[in-house]
Visitor: 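First the structure, then my questions, so here it is.
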Protein chains: 2
Amino acid sequence: MHAELQLKNQICFRLYTAARLITQAYTPVLTALGITYPQYLVLMVLWEDDNLPVNDIARRLVLETNTVTPLLQRMEKQGIVVRKKGEQDKRQQIVSLTDKGKQLEEEAYAHIPESMRNQLSACPLNLDDYMNLANELDSIINTLKK
Amino acid sequence: MHAELQLKNQICFRLYTAARLITQAYTPVLTALGITYPQYLVLMVLWEDDNLPVNDIARRLVLETNTVTPLLQRMEKQGIVVRKKGEQDKRQQIVSLTDKGKQLEEEAYAHIPESMRNQLSACPLNLDDYMNLANELDSIINTLKK
DNA sequence: TACATTTGCATCGTGAACGATATAAATAGA
DNA sequence: TCTATTTATATCGTTCACGATGCAAATGTA
């Protein structure tokens, strides 16, 4: 019985579980908007900076392009984004929001923050705890991101 | 531009990213052992308590059986576990470690904690920070787990 | 300029997650 | 006891992640 190999001592298992559960908490609102959580992440990037090549989106989400490309293909099929070949660099695919993709921002703003506040209202963490958590997660992310 | 909808303000995105990156950090060692991270989680459960029904394993990992069943089927195919129909309750599948599955505990103990310590050695968090992080994650998990 | 290397994206295969559905065994209630 | 409900597990379809590979455009170098 090695303490290092017990679930209850694993930060990674906690991260894995917390990430799954909080993504599940997003699912009902996102489903009402017709999108998934990774698609929501792509939209947050594009709401902040539209007309980005696949590479930039992947870099901001700390994902590989072989994850993002199929994601964008599904989003294009749903009419949320369009992809156009880059003009200076013809290898690039420039991803842009459609009107539908832009409208989703207002719907997201209207429902998502409130829904998440409700679902986490019973959580004993206060604002300082969340900022602390954010900093600790950033430390781990920056250490492991190459 | 809604601050609530920016990536840099999202705890969920941080959790999602940190979980992915730390799982990736496990991958090289686990690949050498011939297993994946979710399979390692199943093994940690069985190393602590062998001969469990699918349901118990799923509950401890906060997963559904429709995730765990295929996982166990792959592990059985690799000769790490065996599944036998329950004797009192014939609906149950009792999952047990094979010799190979038991041996993996020593190999895991020999390599995994050291590898993770190395990879996180540049991380500025100290032991108190990690315990704090564990508590904060437990708060979120317990709030969202039904 | 000619060729090698790098870069940007796409495709393929595998293993998760998970909602929805199915099936058999166990349990509850009339 | 007989039927209805619940429980334990399995199956199916879709979407991610991600390693490996492929290809064309761009860049570097002799």
Side-chain angles (χ1 to χ4, degrees), chain A residues 13 15-28 30-32 34-42 52-59 61-78 80-81 83-95 144 146, chain B residues 12-13 16-28 30-32 34-42 52-59 61-78 80-81 83-95 144 146:
Chain A
F13 174 58
L15 285 172
Y16 160 85
T17 302
R20 281 193 313 103
L21 293 180
I22 204 163
T23 301
Q24 285 177 28
Y26 272 90
T27 299
L30 293 177
T31 300
I35 57 178
T36 65
Y37 184 71
Q39 292 174 5
Y40 176 54
L41 294 180
V42 170
L52 292 178
V54 176
N55 227 349
D56 280 29
I57 297 174
R59 194 169 16 252
L61 299 180
V62 200
L63 288 168
E64 300 299 318
T65 62
N66 61 358
T67 297
V68 175
T69 291
L71 197 50
L72 292 171
Q73 289 170 339
R74 286 185 288 267
M75 293 175 78
E76 186 167 36
K77 202 177 295 177
Q78 296 175 247
I80 301 173
V81 301
R83 298 181 305 156
K84 289 200 200 76
K85 201 170 274 244
E87 292 180 356
Q88 346 65 315
D89 189 333
K90 289 175 185 164
R91 294 170 304 178
Q92 292 185 334
Q93 288 280 346
I94 306 298
V95 182
L144 296 177
K146 58 250 132 239
Chain B
C12 184
F13 174 57
Y16 160 85
T17 302
R20 280 194 312 104
L21 292 180
I22 204 163
T23 301
Q24 284 177 30
Y26 272 90
T27 299
L30 292 178
T31 300
I35 57 179
T36 64
Y37 184 72
Q39 292 173 6
Y40 176 54
L41 294 180
V42 170
L52 292 179
V54 176
N55 227 349
D56 281 28
I57 297 174
R59 195 171 12 254
L61 299 180
V62 199
L63 287 168
E64 301 298 319
T65 62
N66 61 357
T67 297
V68 174
T69 291
L71 197 51
L72 291 171
Q73 289 169 340
R74 286 185 288 269
M75 291 174 80
E76 186 167 37
K77 202 178 296 178
Q78 295 174 248
I80 301 172
V81 301
R83 298 181 305 156
K84 289 198 199 78
K85 200 170 274 240
E87 294 180 355
Q88 346 67 314
D89 188 335
K90 289 175 185 165
R91 294 170 304 178
Q92 292 185 333
Q93 287 281 345
I94 306 298
V95 181
L144 296 176
K146 55 248 137 246

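Naming: A, B, ... by sequence-line order, numbering from 1 per chain.
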Visitor: Please give me the minimum heavy-atom distance between B:L63 and B:V68, naming the atom from each residue.
Guide: CB-CG2, 3.9 Å
Visitor: Can you give one letter per nucleotide of nucleotides 22-29 of chain D, 5' to 3': B if a protein heavy atom sits under 4.0 Å from the base, S if only from the sugar-phosphate, - if neither?
Guide: ---BS---
Visitor: Are any of B:R83's side-chain N or O atoms less than 4.0 Å away from OP1 or OP2 of D:dA10?
Guide: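 For D:dA10, OP1/OP2 do have a side-chain N/O of B:R83 under 4.0 Å.
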Visitor: For B:N66, give me all partners under side chain to side chain donor-acceptor pair (under 3.5 Å), at least two apart in sequence or on another chain.
Guide: none
Visitor: For B:T65, which contact category applies under a 4.0 Å heavy-atom criterion: base, sugar-phosphate, or nothing?
Guide: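 Answer is base: heavy atoms of B:T65 come under 4.0 Å of a base.
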Visitor: A side-chain contact here means heavy atoms from C-beta on lying under 4.5 Å apart; do A:L52 and A:V95 qualify?
Guide: no
Visitor: Taking for each residue the nucleotide of DNA chain C bearing the nearest heavy atom, is the 5' side occupied by B:L71 or by A:D56?
Guide: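 In this pair, the answer is A:D56.
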Visitor: Can you tell me the distance, in whole Å, between the NZ atom of B:K84 and the C1' atom of D:dT9?
Guide: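 Whole-Å distance recorded here is 18 Å.
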Visitor: With heavy atoms under 4.0 Å as the rule, sort B:R59 into base, sugar-phosphate or nothing.
Guide: nothing
Visitor: List the residues meeting side-chain contact (heavy atoms from CB on, under 4.5 Å) with B:Q39, not counting sequence neighbours, and say none if there are none.
Guide: B:I35, B:T36, B:L71, B:R74, B:M75, B:Q78
Visitor: Sequence neighbours left out, what passes salt bridge (charged side-chain N to carboxylate O under 4.0 Å, His left out) with A:R83? Give chain and number order.
Guide: A:E76
Visitor: Sort me out a list of protein N/O and nucleotides 19-21 of chain D N/O pairs below 3.5 Å, or just none if empty.
Guide:
unit_1, atom_1, unit_2, atom_2, d
D:dG19, N7, A:N66, ND2, 2.8
D:dG19, O6, A:N66, ND2, 2.9
D:dA20, N6, A:N66, ND2, 3.0

Visitor: B:D56: which residues meet the side chain to side chain donor-acceptor pair (under 3.5 Å) condition with it, sequence neighbours left out?
Guide: B:R59
Visitor: Nucleotide range of DNA chain C contacted by chain B, 5' to 3', under 4.0 Å to a heavy atom?
Guide: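 Both ends considered, the range comes out as C:dG15 to C:dA26.
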Visitor: Kindly say if A:T36 contacts the phosphate of D:dC16, meaning a side-chain N or O under 4.0 Å from OP1 or OP2.
Guide: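 Yes, because at least one side-chain N or O of A:T36 sits under 4.0 Å from OP1 or OP2 of D:dC16.
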Visitor: Measure the distance from NZ on A:K77 to C1' on D:dT15 and round it to the nearest whole Å.
Guide: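 Rounded to whole Å, this separation is 12 Å.
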Visitor: Using atom CE of B:M75 as one end and atom P of D:dT9 as the other, report the distance to the nearest whole Å.
Guide: 16 Å
Visitor: If you check every side-chain atom of A:R74, which of D:dA17, D:dC16, D:dT9 has the closest atom?
Guide: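 Minimum distance to the A:R74 side chain belongs to D:dC16.
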Visitor: What is the distance from OH of B:Y26 to P of D:dC18, rounded to the nearest Å?
Guide: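 After rounding, the gap between these two atoms is 16 Å.
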Visitor: I want to confirm an ordering. Mapping B:Q92 and A:Q39 to their closest nucleotides on DNA chain D, which one lands closer to the 5' end?
Guide: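 Taking each residue's closest nucleotide, the earlier one in sequence belongs to B:Q92.
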Visitor: Show every donor-acceptor pair shorter than 3.5 Å between a side-chain atom in residues 15-24 of chain A and any protein atom, with sequence neighbours excluded, or say none if there are none.
Guide:
unit_1, atom_1, unit_2, atom_2, d
A:T17, OG1, A:F13, O, 2.9
A:R20, NH1, B:V62, O, 3.3
A:R20, NH2, B:L61, O, 3.4
A:R20, NH2, B:V62, O, 2.5
A:T23, OG1, A:A19, O, 2.7

Visitor: Let me spell it out: for each of A:V54 and A:Y16, pick the nucleotide of DNA chain C with the closest heavy atom. Which residue's pick is nearer the 5' end?
Guide: A:V54
Visitor: Could you work out, with side chain to side chain donor-acceptor pair (under 3.5 Å) as the rule, every residue matching A:Y26, not counting sequence neighbours?
Guide: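 Applying side chain to side chain donor-acceptor pair (under 3.5 Å) to A:Y26 gives B:Q10.
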Visitor: If the condition is side chain to side chain donor-acceptor pair (under 3.5 Å), which residues does A:N55 pass it with, not counting sequence neighbours?
Guide: none
Visitor: How close do A:L144 and B:A25 get, heavy atom to heavy atom, and via which atoms?
Guide: CD2-CB, 4.2 Å
Visitor: Could you tell me which non-hydrogen atom of B:G86 sits nearest to which non-hydrogen atom of B:I94, and how far apart they are?
Guide: CA-CG1, 3.9 Å
Visitor: Report the distance from atom CG of A:L41 to atom P of D:dT15, rounded to the nearest whole Å.
Guide: 16 Å
Visitor: Can you tell me which residue pairs pass the salt bridge (charged side-chain N to carboxylate O under 4.0 Å, His left out) test with a partner in residues 61-72 of chain B, sequence neighbours excluded?
Guide: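 Every pair satisfying salt bridge (charged side-chain N to carboxylate O under 4.0 Å, His left out) with a residue in residues 61-72 of chain B: there are none.
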